[in-house]
Amino acid sequence: MYILVTRTRPDRVRLRELDADGGPAEPADAGADVTLSDAAFAAHARAREGGGVRWVWEDTADIYPLLLRAHVRVQRCHDLRLCHAILRNSALTGASVLANAAAGRWDAPPAVPRPETAGSTLFDMDLGGAVDTAGETPGEDILTEFLAQLAAVAGSTEPGRLRLLLAAESVGALIAAEMQFAGLPWRTGIHDSLLTAELGPRAAPGQRPVRLESLAGRIREELGDPTVNPDSPPELLRALNRAGVQVTTTRAWELEKLSHPVIEPLLRYKKLARLQSANGWYWMQTWIVDDRFHPEYLPGGVVTGRWATRGGGALQLPRQIRGAVVADPGWRFVVADAAQLEPRILAALSADTAMAAAGRGTDLYAGIVASGVVETRAHAKVAMLGAMYGATSGESGRLLPRLARAYPRALALTESAARAGERGDIVSTRLGRSSPRPGPDWQDDQARGSEGGAGSAAQRRARSQAGDWGRFTRNFIVQGTAAEWALCWMAEIRKGLWALSAPASPEAGTTRSAPGPFASVPHLVFFLHDEVIVHTPAALADDVARIVGEAAATAGRLLFGDFPVDFPLTCVVVDSYADAK
DNA sequence: CGAGCCCGCGCG
DNA sequence: AAAGCGCGCGGGCTCG
């Protein structure tokens, strides 16, 4: 049973029920076609949940927060905007009407920036997210698009894989909205102490904290330049050169190699200046609301299918400040990450049983060493990364032939993906997300490079661009399939947590309490490509850890069936994210 | 003064 | 150009 949800006004939605085949529900059904206020919609959704309903809407980030604010969670949805993007580009649906139609509004990014859901006044914008349905009955457009998507899947070469992908992408959108709503528990007091210990007390706006200012003074002294601004790479570069330091860039890893009295204070300055500008007091004041960090997650925000975020740099939380991420009293974190996820994905994608065997019940890189392919774990890792990223030189390049002898199937797959990209062809993930085609500039450069009488510069340029795109497609199949695995993993975690009975926490409703429907139940609060954090009442932490582990195994089976590949986790129960590794 | 670029660095 | 993939963000800086 599907229920289509269309926003007709900023505070109204229209619901239309369809049967499982996408046909109209029996007209006799009460509420088969109704328009409701947001409040009535939330009540209706609560009543209909649990009956195998899938909610179909244009944009999860537009609709779902209003349900969450009413303490209503839903199990399943179909996010038309995200699914359209997949089906539009997938090689598996290339013959469909949907893929061959002229570009329309479904191919554009969401017209209106979406409202924040933290429940904070700071971000309370009343954005209607109004949909342009000029000349149509509200909802017709949604219905037409949904039916086109169902048809594209049904007519594809791998409907089962695409159905799984669309379901995973959509539940990812639910999870993203829920994580933004719930927020990551954050102790500003601890954060402030960390900053003060490193930088000195908070300074007035426009001023450097004392530790930074004194390091800047030492840098000027050592360079013999009383005015140089270490925040300006060009100025700093000139000052370094004048002082006889032979560098062409001011990157820290380049400076590290040098010995000069300015290097030590300069490297310390760079580290601290980064902390101050990226995650300092201003960041804290901007992004931490009611003891929670509420980043906006963007499912499908990366072409490979990885998520992106907007605001606060959520996917770059430096280790330095993870100590501020502390579970509520009476609660714990279950922090889990998938060990060597991408090489395991490659082993399974290519059905390379030898590589999969190397990772069975052990660290995959250690397994490669144990198989005698290379001498050290570090070599195994750099060689694998080289295979997946397309390294050609250096240590990684030198080790590749040994990897290719031991794991010919895996390496043949990455090579063929690279060759496809070099030709301008597309490649696809396990579940059917396809890479974009290179742009017109790329095509032009290739054409010019292969013309008779093309100059060597044009040829070099064409080859270089082809190589770049080949490395992108080479990595796309692995990164993209890993993203699919991670979506399935999270979806299974969410399902398991939902089923876990939730006794009220003794602290719930007192000092701190997770927002809305999460006040007393374990819930996902963070996701970082191959790592998740679940915030859970302490008594349930062990159950949660078990669920997270089982979910990883299930995700592997969903993608790769019976192929014997393991997806082990490192999983810990902690009070602070800083203790996770 | 804002828009958009580069640089550098954080994360996987 | 870190030896090779994918991001977001802040500061400096240039251009209009």
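Throughout, a chain's letter reflects where its sequence line sits, starting with A, and its residues are numbered from 1.
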Check step by step if salt bridge (Lys or Arg N to Asp or Glu O under 4.0 Å) holds for Asp59(A) and Arg81(A).
CA-CA 6 Å; Asp59(A) 183 358; Arg81(A) 193 177 55 83; 3.7 Å; yes
Reckon Val478(A) touches a base, only the sugar-phosphate, or nothing at all at heavy-atom distances under 4.0 Å?
nothing
For Leu341(A), which contact category applies under a 4.0 Å heavy-atom criterion: base, sugar-phosphate, or nothing?
nothing
Return yes if a side-chain donor-acceptor contact under 3.5 Å exists between Asp62(A) and Thr60(A), otherwise no.
no
Scan Arg306(A) against the nucleic acid and name what it touches under 4.0 Å (heavy atoms): base, sugar-phosphate only, or nothing.
base
From the list dC11(B), dG4(C), dA2(C), which nucleotide is the closest neighbour of the side chain of Arg322(A)?
dC11(B)
Does Arg319(A) reach a base, just sugar-phosphate, or nothing at all? Heavy atoms under 4.0 Å.
sugar-phosphate
Return yes if a side-chain donor-acceptor contact under 3.5 Å exists between Glu178(A) and Tyr64(A), otherwise no.
yes
For Asp337(A) and Lys581(A), what are the C-alpha separation, side-chain angles and deciding distance, and is it a salt bridge (Lys or Arg N to Asp or Glu O under 4.0 Å)?
CA-CA 10 Å; Asp337(A) 79 81; Lys581(A) 49 179 179 190; 3.7 Å; yes
Aromatic ring pairing Phe293(A)/Trp186(A), orientation class (parallel under 30°, perpendicular over 60°, tilted between)
perpendicular
Closest approach of Gly432(A) and Leu92(A), non-hydrogen atoms and distance?
CA-CD1, 3.7 Å
Length of the line joining Leu267(A):CG and dG8(B):C1', which is rounded to integer Å
13 Å
Flag the pair Glu422(A) / Pro438(A) as yes when at least one side-chain heavy-atom distance between them is below 4.5 Å, and no otherwise.
no
Side-chain N or O of Arg251(A) versus OP1/OP2 of dA2(C): is the shortest distance under 4.0 Å?
yes
Round to a whole Å and report the spacing from CG of Leu255(A) to P of dA2(C).
14 Å
Gap in Å between the two P atoms, one belonging to dC7(B) and one to dA2(C), rounded
11 Å
P-based separation of dG6(C) from dA1(C) [nearest Å]
11 Å
Ring geometry between Tyr577(A) and Phe526(A) (parallel below 30°, tilted from 30 to 60°, perpendicular above 60°)
perpendicular
Given atom OH of Tyr389(A) and atom P of dG6(C), what is their separation to the nearest angstrom?
10 Å
Nucleic acid footprint by protein, nucleotides 7-16 of chain C - heavy-atom cut-off 4.0 Å, B for base, S for sugar-phosphate alone:
SBSSSSS---
Can you tell me the distance, in whole Å, between the OH atom of Tyr577(A) and the C1' atom of dG12(B)?
10 Å
Near DNA chain C, which residues from residues 407-435 of chain A have a heavy atom under 4.0 Å away?
none
Could you tell me how far apart Leu317(A) (CG) and dG12(B) (C1') are, to the nearest whole angstrom?
12 Å
Side-chain N,O (Lys270(A)) to OP1/OP2 (dC9(B)) below 4.0 Å:
yes
Show your reasoning for whether salt bridge (Lys or Arg N to Asp or Glu O under 4.0 Å) applies to Arg306(A) and Glu342(A).
CA-CA 13 Å; Arg306(A) 275 188 172 183; Glu342(A) 293 197 346; 3.6 Å; yes
With no hydrogens and no angle check, do the side chains of Ser170(A) and Asp79(A) hold a donor and an acceptor under 3.5 Å apart?
no
Correct closest heavy-atom pair for Asp231(A) and Ala273(A) would be OD1-CB, 4.2 Å
Begin from the C-alpha positions of Lys381(A) and Asp363(A) and carry the test salt bridge (Lys or Arg N to Asp or Glu O under 4.0 Å) through to its verdict.
CA-CA 11 Å; Lys381(A) 183 171 178 174; Asp363(A) 177 304; over 6 Å; no
Atom pair distance, as rounded to whole Å: CG in Asp530(A) and C1' in dG12(B):
6 Å
Separation between the C1' atoms of dA3(C) and dC6(B), rounded to whole Å:
22 Å
Select base, sugar-phosphate, or nothing to describe what Lys271(A) touches, counting heavy atoms under 4.0 Å on all strands.
sugar-phosphate
Please report, rounded to the nearest Å, how far the C1' atom of dC7(B) is from the CD atom of Glu254(A).
14 Å
Under 4.0 Å, counting only non-hydrogen atoms across every strand here, what does Leu385(A) touch: a base, just sugar-phosphate, or nothing?
nothing
From CZ of Arg471(A) across to P of dC5(C) the rounded distance in Å is 5 Å
Intra- and interstrand pairs of DNA chain C - dot-bracket, Watson-Crick/G-U under 3.5 Å, | marks other strand:
....||||||||||||
Would you please confirm or rule out a distance under 4.0 Å between OP1 or OP2 of dG8(B) and any side-chain N or O of Thr249(A)?
yes
Looking at dA2(C) and Trp253(A): do their rings stack (centroid distance under 5.5 Å, interplanar angle under 30°)?
yes
Salt-bridge test for Arg557(A) and Glu492(A): reply yes if a basic N is under 4.0 Å from a carboxylate O, no otherwise.
no
